[in-house]
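Below is one structure, written out as structure tokens; comments come after it.
Model, not experiment: these values are computed from the prediction.
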Amino acid sequence: MTTTVKGTARRPAAPPRVRRRRSPRPGRAVRRNLSAYGFLCGALICFALFSWYPIVRQAMLGFQETNFVGESTWVGLDNFERVTSDPAFGAAWTNTIVFTVLALACGYVIPFVTALVLNELRHARAYLRFVVYLPVMLPPAVAVLLFKWFYDPGPGLFNQLLRLVHLPGLSWLDSTSTALVSLVIVATWMNMGSGTLIYLAALQSVRGELYEAAELDGAGLLRRIWHVTIPQTRLILLVMLLLQVVATMQVFVEPYLLTGGGPEDATVSVVYLMYQYAFNFNSYGGGSALGLMLMVVLMVFSAAYLRVTRDERA
């Protein structure tokens with residue numbers, strides 16, 4: 001369409017030319033992101049030195065025998081044959097699996113229930129969060145030694161409480177029937193704060209309209225938890241289950257400081273047996289072989305778990 005001004009035809013205005021933005025040169029892009037690459041290189045170096053190299057070195061030591069002074073000797077599968085023929089090998093794996101199951105029954109359920117209770121409170125919520133998280137801030141050695149006094153068969157706190165209700169005291173750490181359960185109690189108390197705060201953050205992201213709709217449909221508390229809370233926090237629950245299994249399978253501090261693996265190898269764990277081979281038996285190859293077996297077991301479990309829960313996490 002043209003317009004005429006004083007008898008002169010004017011051409012339509014040409015559309016503005018769009019200037020193509022030139023892609024930055026590689027050198028310029030590197031200089032622009034130099035600080036980011038610096039931080040990335042620092043993280044990669046730290047991972048390489050403190051994570052990847054120890055993993056590779058442990059895998060190599062599992063097939064060698066060395067004292068870290070002379071040259072390493074390649075022994076093949078001798079370290080694996082030595083540790084598997086140890087009478088404590090079967091007990092260590094059995095105790096580790098039982099401890100993992102008991103720790104999950106307590107350390108996976110109790111933090112979630114605690115988070116549900118804290119999420120419903122309207123007063124003193126911040127104070128109670130601090131109280132729940134306080135054991136996590138204590139050094140593990142301090143927390144374990146505190147419970148060692150609690151478990152003392154004489155003036156220990158737990159036996160004093162039992163005597164108040166006219167019940168006989170227990171040999172918490174000296175009996176094969178209660179020693180492993182005692183370790184589970186300590187581990188649950190030490191680590192439940194982190195899980196509780198993670199679950200609490202997940203619960204606060206659930207929309208309130210879903211609970212209101214469930215209440216209008218006549219759903220009670222348990223049905224709201226089952227049909228609203230758990231489905232909405234499913235991803236966090238699945239991830240936390242995997243992380244807790246991996247963490248509890250590597251239990252070491254509790255048997256090392258409380259029982260020393262006793263009584264009668266009732267609390268020997270795989271990691272504690274690794275420590276014994278490396279630092280008590282001076283067999284770094286045997287300890288590395290145990291560590292390699294544990295790593296393979298956890299890798300297989302993690303891969304299978306992620307495969308089974310793939311649709312749930314989608």
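- Between the Tyr275 side chain and the Val270 main chain, no donor and acceptor come within less than 3.5 Å of each other.
- Relative orientation of the Tyr284 and Phe68 rings is perpendicular, given thresholds of 30° and 60° on the angle between their planes.
- Between Ser171 and Thr178, every side-chain heavy-atom pair lies at or beyond the 4.5 Å cut-off.
- Residues Thr188 and Ile110 approach most closely at CG2-CD1, 4.3 Å, considering heavy atoms.
- Here the CG-CE distance, from Leu292 to Met274, works out to 10.0 Å after rounding to the nearest 0.5 Å.
- The neighbour count for Gln204 CD, taken as heavy atoms of other residues, nucleotides or ligands under 6.0 Å away, is above 12.
- Inter-residue side-chain proximity for Tyr272 and Val251 is flagged as unmet; no heavy-atom pair is nearer than 4.5 Å.
- Atoms CG and CG, from Asn119 and Leu203 in turn, are 5.0 Å apart once rounded to the nearest 0.5 Å.
- Side-chain contact between Leu242 and Ser302 is present, with heavy atoms from C-beta onward closer than 4.5 Å.
- More than 12 heavy atoms of other shown residues, nucleotides or ligands fall within 6.0 angstrom of atom CH2 in Trp149.
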Go through Met240 and Tyr199 one step at a time and tell me if the side chain to side chain contact (heavy atoms under 4.5 Å, CB included) criterion holds. CA-CA 9 Å; Met240 289 296 293; Tyr199 292 139; 3.4 Å; yes

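- In this structure, Leu162 and Pro168 approach most closely via the heavy-atom pair CD1-O, 3.6 Å.
- When atom types are taken as modelled, the side chain of Asn79 and the backbone of Ala289 share no donor-acceptor pair closer than 3.5 angstrom.
- Residues Tyr151 and Asn159 have side chains that never bring a donor and an acceptor to within less than 3.5 angstrom of each other.
- Ser175 and Pro263 get closest at one heavy-atom pair: C-CG, 3.8 Å.
- Looking only at distances, a side-chain donor or acceptor of Asp152 sits under 3.5 Å from a matching main-chain atom of Gly154.
- Proximity of a side-chain donor or acceptor of Ser51 to a complementary backbone N or O of Ala48 within less than 3.5 Å is not detected.
- For the 3.5 Å distance criterion, the side chains of Ser283 and Arg82 qualify, holding a donor opposite an acceptor.
- A donor-acceptor contact shorter than 3.5 Å links the side chain of Asn95 to the backbone of Ala91.
- Under a hydrophobic-cluster definition in which Ile, Leu, Val, Met, Phe, Trp and Tyr are linked whenever side-chain heavy atoms come within less than 4.5 Å, directly or via other members, Leu102 and Val245 are assigned to the same cluster.
- For Tyr127 and Phe130, the ring centers sit 6.0 Å or farther from each other.
- In this structure, Met190 and Ala143 approach most closely via the heavy-atom pair CG-CB, 3.8 Å.
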Evaluate the side chain to side chain contact (heavy atoms under 4.5 Å, CB included) criterion for residues Tyr108 and Leu241: first the C-alpha distance (whole Å), next the side-chain angles of each, then the deciding distance (0.1 Å), finally the verdict. CA-CA 7 Å; Tyr108 187 68; Leu241 178 61; 3.9 Å; yes

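- Atom CD of Glu264 has 12 or fewer neighbouring heavy atoms from other residues, nucleotides or ligands inside a 6.0 Å radius.
- Nearest approach of Ser72 to Gln64, heavy atoms of both residues: CB-OE1, 3.6 Å.
- A ring-centre distance under 6.0 Å is found for Phe80 and Phe63.
- Relative ring orientation between Phe252 and Tyr256 is described as parallel, the plane-to-plane angle staying below 30° on a 0-90° scale split at 30° and 60°.
- Trp52 and Phe50 fall into different hydrophobic clusters, where Ile, Leu, Val, Met, Phe, Trp and Tyr side chains are chained together by heavy-atom contacts under 4.5 Å.
- Looking at Ser288, its side chain never comes within 3.5 Å of a backbone N or O of Leu61 through a donor-acceptor pair.
- Thr100 OG1 to Phe301 CZ: the interatomic distance, rounded to the nearest 0.5 Å, is 9.0 Å.
- Although no hydrogens or angles enter the test, the distance criterion places no donor-acceptor pair under 3.5 Å between the side chain of Ser269 and the main chain of Ala92.
- When hydrophobic clusters are built by joining Ile, Leu, Val, Met, Phe, Trp and Tyr residues whose side-chain heavy atoms come closer than 4.5 Å, directly or via intermediates, Ile97 is not grouped with Val181.
- Linking Ile, Leu, Val, Met, Phe, Trp and Tyr residues whenever their side-chain heavy atoms come within less than 4.5 Å places Leu146 and Leu183 in a single cluster.
- Residues Val271 and Met249 have side chains not in contact (no heavy-atom distance under 4.5 Å, counting atoms from C-beta outward).
- Between Leu170 and Phe158 there is no side-chain heavy-atom pair separated by less than 4.5 Å.
- Counting only heavy atoms from C-beta outward, the side chains of Leu210 and Arg207 approach each other to under 4.5 Å.
- By the 4.5 Å heavy-atom criterion applied to side chains, Ile236 and Phe112 are not counted as neighbours.
- Listed here is the closest heavy atom pair of Val144 and Leu257: CG1-CB, 3.5 Å.
- Remark: Asp78 CG to Thr73 OG1 distance equals 11.0 Å, nearest 0.5 Å.
- Residues Glu120 and Leu116 fail the side-chain proximity criterion, which asks for heavy atoms closer than 4.5 Å.
- Side chain of Ser194 to main chain of Asn191: no donor-acceptor pair is present (N/O by atom type, distance under 3.5 Å, no hydrogens or angles).
- Tracing side-chain contacts under 4.5 Å through hydrophobic residues (I, L, V, M, F, W, Y), one never reaches Leu145 starting from Val253; they form parts of separate clusters.
- Interatomic distance, OG1 of Thr248 versus CD of Glu254, reported as 10.5 Å (0.5 Å rounding).
- The closest donor-acceptor contact from the side chain of Gln250 to the backbone of Val246 lies under 3.5 Å.
- From Leu121, atom CG reaches atom NE2 of His123 across 9.0 Å, with rounding to the nearest 0.5 Å.
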Could you go step by step and tell me if Thr229 and Tyr211 meet the side chain to side chain contact (heavy atoms under 4.5 Å, CB included) rule? CA-CA 9 Å; Thr229 304; Tyr211 290 110; 2.7 Å; yes

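- Within 6.0 Å of CZ in Phe281 there are more than 12 heavy atoms belonging to other residues, nucleotides or ligands.
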Does Thr196 form a side chain to side chain contact (heavy atoms under 4.5 Å, CB included) with Tyr133? I'd like the steps, not just the answer. CA-CA 8 Å; Thr196 300; Tyr133 193 73; over 6 Å; no

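- The backbone N or O of Pro255 lies less than 3.5 Å from no partner atom in the side chain of Thr267, so there is not a single donor-acceptor pair.
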Under the side-chain hydrogen bond (donor to acceptor under 3.5 Å, both in side chains) criterion, do Tyr277 and Asp86 qualify, and how do the steps go? CA-CA 11 Å; Tyr277 267 96; Asp86 191 335; 2.7 Å; yes

